[in-house]
Amino acid sequence: MFDIKWIRDNPEAFDAGLGKRGLAPLAAQMIALDSNRRAAQTTLQDLQRRRNEASKAIGAAKSRGEDAAAEMAEVQGLKEAFQKLEAEEREHAQALNTALAAYPNTPNEDVPEGADEAANVEIRRWGEKPELSAEARQHFELGEALGLMDFERAAKISGARFVVLSGALARLERALAGFMLDLHTGEFGYTEVAPPILVRENAAFGTGNLPKFAEDLFKTVDDYWLIPTAEMPLTNLVAGDILEEADLPLRFTAYTPCFRAEAGAAGKDTRGMIRQHQFGKVELVSIAHPDRSDEEHERMTDCAEEVLRRLDLHYRTVVLSTGDMGFSARKTFDIEVWLPGQDTFREISSCSNCGDFQARRMNGRFRPDGAKGTHFVHTLNGSGLAVGRTLVAILENYQNPDGSISVPEILRPRMGGMERIG
RNA sequence: GGAGGGGUGGCCGAGUGGUCGAAGGCGACGGUUUGCUAAACCGUUAUAGGGUGUAAAGCCCUAUCGAGGGUUCGAAUCCCUCUCCCUCCGCCA
């Protein structure tokens, strides 16, 4: 959601931002919609003032027991014009708001320009590829051989893109989630939240998933949306609020299931757990002061990376190019973990600074200390981490020649002391 | 699922068609008084939009009493829809 006043004052910057996203200029059109709206509003307000004055006069006359028929007739005469103007104003406002909500966020200055992921820029790399004595196997080969990962049974129950984990792998998933939550709450100051995972339309609008990306989401028969990420409920925690400056930043984390329709992903990552309709994720959300959101963004990304460092998993961090960023983001870091079985880096976390883009959609504000008025907060979200993909990474990186999996040191207490699966 | 009752400013709470953005209280802020504190007294105390203004301030206007429609010259007050909360009954992890 854009600020029409800002577009009015910075039309070139707005169009430049759209250009980086590969979109045509729109500032002139937006400004035209806005001046239509303002013209209609001014006319309407004039009429409203006349009506209010007359009605007050009528009230005053009646309370004195006088006749007010002339004024009543006059206002009644305005009625038709009134309804027409009201409808016009409403239409213009709606047209403008729809337009302001329809386009993706303006990328930050320092975001590399490019059409797609090929233009992403690696900014750091940590750790090393594991030395495997045998040919690296993919996670699903390992999991199925262990008899602890079952796609066929999942298909019987739910169809494609689901999995049944059992035994030590089911426990490993739980251990990972607990480890991540304890790290973020215990060491990084995040507050653990257990949010709803069915949300209403307005929450999905607030984060920018609706109206444009409805086909990516699941919806229940009674109009709830299943969350594709805990970003949705966590960010909407401050919807409609006016916070105190001293409250910022707010940091929330949650472990939730996430649901994605994966429309348009047909044929992609069909084997294994990489792309599922349902997966677990520990999410990080920060509600930040506008002056400190970039710094918070770096901090959040580091919190997510720390999970991989403690699990001793090789990864790299990239800045997404303008063509690869999501709708609401103005800058995004992806963290990609090394998967030996696939011989490639795969996204395991995506950390975005959305600036005031989502805050405007959900009307989340704060009051500066001692000052009058309010400002929109900045919202940030990041995976800390995608638990399913972390489990995949552990299987592939910690595999042994005999098909067993070593349990990472730091998870052993959570696995009842288990050192090896299988 | 059935029956009923509610949603008013930071909080509490009055207000069932007429100059109500809204009494009163509390809280907060500023000031006066006071040796200090307390008390007392005076004042201020929402959000958004539009207009005017180089800008800030100021001034003028409009909207907002859960949300959206409607009735009316006029709606916090009447009607409809939605939403949230509460009470009782039923069901239930």
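Below, read A as the first sequence line, B as the second, and so on, with proteins coming before strands; counting in each chain starts at 1.
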Mind listing the side-chain donor-acceptor pairs of residues 201-208 of chain A below 3.5 Å, one per line with the distance, residues two or more places apart or on another chain?
| residue | atom | partner | partner atom | Å |
| --- | --- | --- | --- | --- |
| A:Thr207 | OG1 | A:Ala203 | O | 3.4 |
| A:Thr207 | OG1 | A:Ala204 | O | 3.4 |
| A:Thr207 | OG1 | A:Asn209 | OD1 | 2.7 |

With a 3.5 Å limit on both atom pairs, tell me what [N] is paired to, counting Watson-Crick and G-U wobble, or say none.
N	result
B:rA93	none
B:rU77	none
B:rG53	none
B:rC88	B:rG2
B:rA63	B:rU47
B:rU19	none
B:rA38	none
B:rC26	B:rG10

Distance-only donor-acceptor pairs under 3.5 Å for side chains of residues 50-58 of chain A, two or more places apart:
| residue | atom | partner | partner atom | Å |
| --- | --- | --- | --- | --- |
| A:Asn52 | ND2 | A:Gln48 | O | 3.4 |
| A:Glu53 | OE2 | A:Arg49 | NH1 | 3.4 |
| A:Ser55 | OG | A:Arg51 | O | 3.0 |

What interatomic distance, in whole Å, is found between [atom1] of [M] and the corresponding atom of [N]?
N	M	atom1	result
B:rU8	B:rU34	C1'	39 Å
B:rA22	B:rG15	C1'	8 Å
B:rG70	B:rU64	P	13 Å
B:rA63	B:rU77	P	14 Å
B:rC89	B:rC82	C1'	25 Å
B:rA39	B:rA28	P	10 Å
B:rG49	B:rG43	C1'	29 Å
B:rG6	B:rU47	P	31 Å

Any luck finding a side-chain donor-acceptor pair between A:Ser321 and A:Asp116 under 3.5 Å?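 A:Ser321 vs A:Asp116: no donor-acceptor pair found between side chains.
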Donor-acceptor side-chain pairing of A:Arg365 and A:Asn363 below 3.5 angstrom: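 Per modelled atom types, A:Arg365 and A:Asn363 side chains form a pair under 3.5 Å.
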Out of [options], which has the shortest distance to the side chain of [X]?
X	options	answer
A:Lys5	B:rG21, B:rU47, B:rG50	B:rG50
A:Lys56	B:rU47, B:rG21, B:rG49	B:rG21
A:Thr42	B:rG70, B:rA46, B:rG50	B:rG50

Between [N] ([atom2]) and [X] ([atom1]): distance, integer Å:
X	N	atom1	atom2	answer
A:Leu100	B:rA48	CG	P	17 Å
A:Phe82	B:rC73	CZ	P	13 Å
A:Glu86	B:rA75	CD	P	10 Å
A:Asp9	B:rU54	CG	C1'	13 Å
A:Glu74	B:rU72	CD	P	18 Å
A:Ile58	B:rC73	CD1	C1'	4 Å
A:Asn36	B:rG49	CG	P	19 Å
A:Glu89	B:rG68	CD	P	13 Å

Do A:Phe259 and A:His277 have their ring centres less than 6.0 Å from each other?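 They do not qualify: ring centres at least 6.0 Å apart.
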Are A:Phe252 and A:Tyr190 an aromatic pair by the rule of ring centers under 6.0 Å?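 Centroid distance A:Phe252-A:Tyr190: not below 6.0 Å, so no.
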Quick test: give all pairs of protein nitrogen or oxygen and nucleotides 81-83 of chain B nitrogen or oxygen below 3.5 Å, distance rounded to 0.1 Å.
| residue | atom | partner | partner atom | Å |
| --- | --- | --- | --- | --- |
| B:rU83 | O3' | A:Arg200 | NH2 | 3.2 |

Extract all donor-acceptor atom pairs below 3.5 Å that involve side chains of residues 107-115 of chain A and protein atoms in other chains or at least two apart in sequence.
| residue | atom | partner | partner atom | Å |
| --- | --- | --- | --- | --- |
| A:Asn108 | OD1 | A:Arg330 | NE | 3.0 |
| A:Asp110 | OD2 | A:Lys331 | NZ | 2.8 |

Mapping A:Val75 and A:Lys62 to their closest nucleotides on RNA chain B, which lands nearer the 5' end?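 On the 5' side of the pair lies A:Lys62.
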When you match A:Arg8 and A:Gln76 each to their closest nucleotide on RNA chain B, which lands nearer the 5' end?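 That would be A:Arg8.
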Please output the side-chain donor-acceptor pairs of residues 414-422 of chain A that fall under 3.5 Å, not counting sequence neighbours, one pair per line with the distance.
| residue | atom | partner | partner atom | Å |
| --- | --- | --- | --- | --- |
| A:Arg414 | NH1 | A:Asp182 | OD2 | 3.1 |
| A:Arg414 | NH2 | A:Asp182 | OD2 | 2.8 |
| A:Arg420 | NH1 | A:Asp402 | OD2 | 3.3 |
| A:Arg420 | NH1 | A:Ser404 | OG | 2.7 |

For A:Thr332, which residues count as a side chain to side chain donor-acceptor pair (under 3.5 Å) partner, sequence neighbours excluded?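 In terms of side chain to side chain donor-acceptor pair (under 3.5 Å), with neighbours along the sequence ignored, A:Thr332 is linked to A:Ser352.
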Between A:Arg38 and B:rG49, is there a contact of a side-chain N or O with OP1 or OP2 at under 4.0 Å?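 So the side chain of A:Arg38 is outside the cut-off, no N or O lying under 4.0 Å from OP1 or OP2 of B:rG49.
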Compare side-chain N and O positions of A:Thr374 against OP1 and OP2 of B:rA48 and report whether any pair is under 4.0 Å apart.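 Looking at the OP1 and OP2 atoms of B:rA48, one of them is under 4.0 Å from a side-chain N or O of A:Thr374.
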A:Arg346 side chain vs A:Glu336 backbone, donor-acceptor pair below 3.5 Å: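 A pair under 3.5 Å: no.
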Tell me, which pairs form a ring-ring contact (aromatic ring centres under 6.0 Å, His included) where one or both residues lie in residues 2-55 of chain A, sequence neighbours left out?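 The answer is A:Phe2-A:Phe14, A:Phe2-A:Phe357.
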For nucleotides 59-62 of chain B, which of its nitrogen or oxygen atoms have a protein nitrogen or oxygen under 3.5 Å away, and what is each distance?
| residue | atom | partner | partner atom | Å |
| --- | --- | --- | --- | --- |
| B:rU62 | OP1 | A:Asn52 | ND2 | 3.4 |
| B:rU62 | O3' | A:Gln48 | OE1 | 3.4 |
| B:rU62 | O2' | A:Gln48 | OE1 | 2.7 |

Can you give me every donor-acceptor pair (side chain of residues 89-97 of chain A, partner residue at least two apart or in another chain, under 3.5 Å) with its distance?
| residue | atom | partner | partner atom | Å |
| --- | --- | --- | --- | --- |
| A:His92 | ND1 | A:Glu88 | O | 3.1 |
| A:Asn97 | ND2 | A:Ala93 | O | 3.3 |

What nucleic acid atoms does A:Ala60 come within less than 4.0 Å of, heavy atoms only: base, sugar-phosphate, or nothing?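 Base, at least one base atom sits under 4.0 Å.
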